Amino acid sequence: MGMAEYSDRDRLVSTLIRADTPALVAVLMGDAWPRDALQVLGEAVLVVATTQQKEIVPAARRCTAELRDRGWAGDAELADQLDGAFGWGPASTLRPLAVGLDELAEVLEGDMTQGGGRIELGTGEVWPEVVFENSDDMDDDEDEDDDRWLYVSCEGSRQAYRDMQIFIGDIAGDPLADRLDTAIQGRGAFRRFHDALERSDERLTQWHGFSDERLRGRAREWLAGEGYAAVPKGIDSVG
């Protein structure tokens with residue numbers, strides 16, 4: 001993948017949220033894709049494919065190939081969606097669900113004391129469970145309606161801790177790597193890790209992109225395990 005400034009990923013996410021198709025096409029057809037952005041780029045392909053499928057076939061093939069080559073959590077699921085959308089593979093049997101993967105990741109890998117959360121299937125909205133604990137607005141039948149809710153159990157921060165370890169390995173040779181390795185030992189590892197990263201704007205930005213990409217992928221993988229395919233807003237099919 002071509003190297004680009006890490007801030008390019010943030011601009012891509014913003015463009016995807018706006019569903020700015022011309023801008024998405026420009027990124028997809030460019031040679032230098034933002035680093036650690038394949039999950040976001042795959043979503044961009046799905047958005048653009050609704051109106052300009054033929055034009056972005058090369059970008060879609062590239063994205064699928066790079067997802068399968070990288071092989072992070074959620075990459076195979078997204079590659080399968082792209083294959084299905086372009087007719088290169090079998091149509092997906094997963095039910096499409098327009099859900100914010102970043103929001104799902106917060107519930108899925110957040111504070112275990114908060115008790116996970118749920119997705120409202122009709123809207124794709126993600127709700128932390130704490131919202132319902134003290135609510136009197138919902139009766140028991142509504143609260144336990146499996147046709148309305150997809151329940152999300154919190155899996156804790158084990159995978160996020162592993163992300164820090166991988167990131168440190170990726171920047172081995174940088175003096176900051178040793179400081180980060182020390183920072184993640186013992187309680188308070190996440191806070192100390194971020195405090196140490198703040199000494200380098202470049203590495204901090206790099207970490208945010210890397211971490212977000214892996215969180216999105218794990219959320220996508222979890223959703224597929226529940227029988228749903230995460231799709232961008234306004235997309236009702238994944239092929």
Side-chain angles (χ1 to χ4, degrees), residues 1 6-17 33-47 63 66-68 70-82 94 97-119 124-130 150-171 180 183-184 189-194 196-198 203-226 228-233:
M1 181 182 300
Y6 296 123
S7 59
D8 287 352
R9 187 184 191 280
D10 296 328
R11 287 192 286 271
L12 174 60
V13 171
S14 177
T15 303
L16 181 61
I17 291 172
W33 283 357
R35 180 171 177 170
D36 292 337
L38 286 175
Q39 284 283 325
V40 184
L41 287 160
E43 292 185 33
V45 170
L46 290 172
V47 169
C63 191
E66 293 193 13
L67 283 164
R68 295 199 188 282
R70 185 176 69 172
W72 288 0
D75 285 352
E77 287 77 7
L78 182 52
D80 288 344
Q81 284 181 242
L82 294 172
L94 301 176
L97 183 60
V99 61
L101 291 175
D102 51 347
E103 297 172 358
L104 174 56
E106 288 183 11
V107 171
L108 189 62
E109 300 189 25
D111 187 347
M112 295 190 72
T113 64
Q114 300 299 314
R118 61 182 80 174
I119 303 170
E125 288 188 79
V126 182
W127 301 88
E129 195 61 31
V130 67
L150 176 61
Y151 296 88
V152 184
S153 297
C154 182
E155 298 179 351
S157 59
R158 180 176 58 86
Q159 293 291 342
Y161 184 85
R162 177 59 179 152
D163 289 345
M164 293 192 296
Q165 293 177 312
I166 294 171
F167 182 80
I168 292 169
D170 286 348
I171 65 169
L180 292 174
I184 66 172
F190 289 95
R191 175 182 54 79
R192 291 194 303 272
F193 179 84
H194 283 90
L197 270 178
E198 287 181 351
R203 292 302 191 193
L204 181 62
T205 303
Q206 182 182 356
W207 161 253
H208 284 316
F210 173 83
S211 175
D212 180 69
E213 182 80 354
R214 291 180 68 83
L215 285 166
R216 282 174 178 264
R218 289 196 293 270
R220 185 184 302 280
E221 182 181 59
W222 179 89
L223 203 61
E226 298 295 319
Y228 293 90
V231 297
K233 295 289 186 180

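What you see is a predicted model, and the numbers here were worked out from it, not measured in a lab. Note that the numbering runs from 1 along the sequence shown for the chain.
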Rounded to the nearest 0.5 Å, what's the gap from [atom1] on [X] to [atom2] on [Y]? Could you check?
X: I184; Y: F193; atom1: CD1; atom2: CZ; answer: 7.0 Å
X: L94; Y: E226; atom1: CG; atom2: CD; answer: 11.0 Å
X: E106; Y: L101; atom1: CD; atom2: CG; answer: 11.5 Å
X: D102; Y: D212; atom1: CG; atom2: CG; answer: 6.5 Å
X: E109; Y: R214; atom1: CD; atom2: CZ; answer: 10.0 Å

When R218, R220, R70 are each screened for salt bridge (Lys or Arg N to Asp or Glu O under 4.0 Å) with D75, the one that passes is R70

Is any NZ, NE, NH1 or NH2 atom of the basic residue among R158 and D163 found under 4.0 Å from an Asp or Glu carboxylate oxygen of the other? no

Validation row: [X], [Y] side chains within 4.5 angstrom (heavy atoms):
X: Q81; Y: V231; result: yes
X: D80; Y: R68; result: yes
X: E103; Y: V107; result: no
X: L104; Y: W222; result: yes
X: L82; Y: V45; result: yes

Donor-acceptor contact present, side-chain S211 to main-chain W207, <3.5 Å: no

Whether the side chain of R192 engages the backbone of A183 through a donor-acceptor N/O pair (distance < 3.5 Å, no angle test) should be reported. yes

When I166, L78, D36, L67 are each screened for side chain to side chain contact (heavy atoms under 4.5 Å, CB included) with W72, the one that passes is D36

Kindly give the heavy-atom pair with the smallest separation between [X] and [Y], and that separation in Å.
X: G110; Y: C154; answer: O-SG, 3.2 Å
X: L38; Y: C63; answer: O-SG, 4.0 Å
X: P232; Y: L46; answer: CD-CD1, 4.1 Å
X: L180; Y: A196; answer: CD2-CB, 3.6 Å
X: E77; Y: A224; answer: CG-CB, 3.7 Å
X: Y161; Y: A189; answer: CE1-CB, 4.0 Å

Apply side-chain contact (heavy atoms from CB on, under 4.5 Å) to residues D170 and F210 and explain how you reach the verdict. CA-CA 11 Å; D170 286 348; F210 173 83; 3.9 Å; yes

Per the side-chain hydrogen bond (donor to acceptor under 3.5 Å, both in side chains) rule, which among H208, R9, Q39 passes with E213? R9

Please step through side-chain contact (heavy atoms from CB on, under 4.5 Å) for the pair V152 and W127, ending with a clear verdict. CA-CA 9 Å; V152 184; W127 301 88; over 6 Å; no

L223/L150 under side-chain contact (heavy atoms from CB on, under 4.5 Å): CA gap, chis, key distance, verdict: CA-CA 10 Å; L223 203 61; L150 176 61; 3.8 Å; yes

Side chain to side chain donor-acceptor pair (under 3.5 Å) assessment of Q206 paired with R203: CA-CA 5 Å; Q206 182 182 356; R203 292 302 191 193; 2.7 Å; yes

